[in-house]
Amino acid sequence: LLATCLVLMVIRAPQPDSTITTLNVGHGTSHILRHKNTTVLIDGGSASWESVGSQRIIPTLRALGVNCLDAIFISHGDKDHCVGICDILQYYPIKTMFVSTLELTNPSPAMQRVIHVAHQKGVPLTPVASGDIIGVHDLKFHVLHPKDSHTYKNRNNESLVLSTTLHKKHILFTGDVESDAINKLMITEPVDILELPHHGSWNAASQKFVIDCAPSFIIQSTSLSRHKYDRWELPNGSERFNTAVDGTIQLMLSPSGEIR
C-alpha cells in the first residue's frame, strides 16, 4: 500500500515597504504617502511655479504607478501649499479632501480656486480640527492643530499639523506653523520622522521643538534662497534631507521598522 502525503504550504508574500516621497517643488511643499493599497497627498504647491501640479506632482504620481488618490490633505491656503491641487483635481480621481475648519471658513484666494474645482469635480471637502482622528483605508491620521475655535493673525499658524504611523514609526507633518502654534503643540510620543516647520524658517521655538522631538530623520522642503540662511542645530543622531540640496526625497519604511 502506497500512501501519498500532500503537504500544503502557504507562503505569505512579503509586505511591501511604505514610502514618503517629498517632491522638489522649490519653495513649497508636496508629500506623497503610500502604504499598502493607500495613497495620500499632503499639500501640493509652490511659491513660484504655478504649473507645479501638471509639471511635477502629476508626473511623479504617474511614475509611482498611482491611479487614484484616496485623500488629499491641504495644510493651509497659501499658494506654496495648494496652487497645484487644481490641476491634480482635473487629472486624478480623488476620493476626499481634508482642510482645516478655519481655512474653509475664511479661505485664501488660492484655496477658493481649489474649493471651486473640487465642487465642479464632485470631490467632498471635509473640515477637520485638533482632536480629530481620520481613517483613510490603511492609514490613520491624528490632527494635532489647529483648534476650530482659535484664529491667528498669521495664517501660517493655522496650518494643519498631522501625525501618522507607518510600520510603528511616528511621522509628524507640520505645515507652516510658527512660534505661536508651536508653543501650543503637545507631542506625547517619540517622533521618528519630522517635517521641519515652515520650510525650515528658523526661530527659537522651532529650534526647541526640533530638539525636543529628537527625530531620527528630518525632511525639509525649501528653496536654495532660504537654505543659504540655514542656522539649524540638529539633535544628536538626526539626519536631515533637504529638497534644495538633495532634490526629491524618498524615505522607505520596511515592515521591520527600518527606515532608509
Side-chain angles (χ1 to χ4, degrees), residues 19-34 39-64 66 69 71-92 94 97-100 103 107-115 117-118 154-162 171-178 181 193-203 206 217-230 232 240-251:
T19 58
I20 303 169
T21 304
T22 300
L23 279 65
N24 181 13
V25 293
H27 180 86
T29 301
S30 187
H31 307 286
I32 303 167
L33 277 67
R34 305 199 74 194
T39 304
V40 171
L41 181 73
I42 300 178
D43 285 340
S46 175
S48 58
W49 193 2
E50 294 281 341
S51 56
V52 66
S54 60
Q55 293 184 355
R56 175 56 53 83
I57 302 172
I58 289 173
T60 303
L61 289 167
R62 293 177 64 185
L64 292 172
V66 176
L69 286 169
I72 295 177
F73 287 87
I74 301 178
S75 65
H76 63 300
D78 285 356
K79 65 180 292 187
D80 58 328
H81 289 257
C82 70
V83 73
I85 299 296
C86 290
D87 285 344
I88 297 167
L89 282 163
Q90 296 286 3
Y91 186 87
Y92 265 99
I94 314 292
M97 294 175 61
F98 298 99
V99 183
S100 77
E103 187 65 50
S108 69
M111 183 61 75
Q112 289 174 16
R113 292 192 291 274
V114 171
I115 293 170
V117 177
N154 184 341
R155 294 180 74 108
N156 285 339
N157 283 315
E158 297 180 359
S159 295
L160 287 178
V161 176
L162 300 170
I171 303 133
L172 199 60
F173 296 96
T174 57
D176 277 359
V177 288
E178 298 180 6
I193 300 172
L194 173 69
E195 178 188 21
L196 204 59
H198 196 190
H199 311 283
S201 179
W202 189 94
N203 59 64
S206 294
F217 295 91
I218 296 171
I219 299 169
Q220 181 181 1
S221 183
T222 192
S223 62
L224 281 171
S225 60
R226 182 184 292 272
H227 177 64
K228 67 182 180 181
Y229 298 108
D230 187 77
W232 288 92
R240 175 169 58 156
F241 296 98
N242 183 330
T243 57
V245 176
D246 302 306
T248 291
I249 300 159
Q250 187 171 76
L251 294 180

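Note that this is a predicted model, so its numbers are computed, not measured.
Atom CG of residue Asn24 and atom OG1 of residue Thr60 lie 9.5 Å apart, to the nearest 0.5 angstrom. Taken to the nearest 0.5 Å, the CD atom of Glu103 stands 8.0 Å off from the CG atom of Asp78. Once rounded to the nearest 0.5 Å, the distance linking OG of Ser201 with CG of Asp176 reads 8.5 Å. Rounding to the nearest 0.5 Å places CZ of Arg155 at 12.5 Å from NE2 of His81. Interatomic distance, Lys79 NZ to Ser48 OG, rounded to the nearest 0.5 Å: 8.0 Å.
Ring geometry, His199 versus His27: the interplanar angle falls from 30° to 60°, so the pair is classed tilted.
The two atoms that bring Gln220 and Asp230 nearest to each other are OE1-OD1, 4.3 Å, heavy atoms only. The two residues Pro59 and Ser54 have their closest heavy-atom pair at CD-O, 3.3 Å. In terms of heavy-atom proximity, Ser221 sits nearest to Gly28 at OG-O, 2.6 Å. For the pair Ser108 and Gly77, the tightest heavy-atom approach, listed with the atom from each and the gap, is OG-O, 2.6 Å. Residue Ala118 comes nearest to Met97 through the heavy atom pair CB-SD, 4.2 Å, listed as atom of the first residue, atom of the second, then distance.
In this structure, Ile42 and Ile72 have side chains that are not in contact, with every pair of non-hydrogen atoms separated by 4.5 Å or more. Proximity of His31 to Ile219: side-chain heavy atoms (C-beta onward) are separated by under 4.5 Å at one or more points. A heavy-atom distance below 4.5 Å is found between the side chains of Ile88 and Ile94. Counting heavy atoms from C-beta outward, Glu195 and Thr29 have side chains that approach closer than 4.5 Å. Counting heavy atoms from C-beta on, the side chains of Val25 and Thr243 never come closer than 4.5 Å. Considering only heavy atoms from C-beta on, Leu61 comes within 4.5 Å of Leu69 through its side chain. Counting only heavy atoms from C-beta outward, the side chains of Trp232 and Arg240 approach each other to under 4.5 Å. In this structure the side chain of Leu196 never reaches within 4.5 angstrom of the side chain of Thr174, judged on heavy atoms.
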Please step through side chain to side chain contact (heavy atoms under 4.5 Å, CB included) for the pair Phe241 and Leu251, ending with a clear verdict.
CA-CA 10 Å; Phe241 296 98; Leu251 294 180; 3.9 Å; yes
Where do Leu41 and Ile85 land on the side chain to side chain contact (heavy atoms under 4.5 Å, CB included) test, with the steps shown first?
CA-CA 10 Å; Leu41 181 73; Ile85 299 296; 4.0 Å; yes
When you look at Phe73 and Leu33, which way does the side chain to side chain contact (heavy atoms under 4.5 Å, CB included) test go after all the steps?
CA-CA 11 Å; Phe73 287 87; Leu33 277 67; over 6 Å; no
Applying side chain to side chain contact (heavy atoms under 4.5 Å, CB included) to Thr39 and Ile32, what does each step give before you reach the verdict?
CA-CA 7 Å; Thr39 304; Ile32 303 167; 4.0 Å; yes
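Ser75 and Asp43 share a donor-acceptor pair across their side chains, judged by distance under 3.5 Å alone. No side-chain donor-acceptor contact under 3.5 Å links His76 and Glu158. Inspection of the Asn156 and Ser159 side chains reveals no N or O donor paired with an N or O acceptor under 3.5 Å. Side-chain atoms of Thr19 and Arg34 form no donor-acceptor pair, as typed in the model, at a separation below 3.5 Å. There is no side-chain donor-acceptor pair under 3.5 Å between Asn203 and Glu178.
Without hydrogens or angle criteria, Gln250 side chain to Thr21 main chain gives no donor-acceptor distance under 3.5 Å. In this structure, the side chain of Tyr92 engages the main chain of Val66 through a donor-acceptor pair within 3.5 Å. No side-chain donor-acceptor contact under 3.5 Å links His198 to the backbone of Val177. When atom types are taken as modelled, the side chain of Asn242 and the backbone of Ala244 share a donor-acceptor pair closer than 3.5 angstrom.
Evaluation of the side-chain hydrogen bond (donor to acceptor under 3.5 Å, both in side chains) rule for Gln55 yields Trp49, Ser51 as partners, not counting sequence neighbours.
Electrostatic pairing of Arg56 and Asp87 does not count as a salt bridge here, judged by no charged N lying under 4.0 Å from a carboxylate O.
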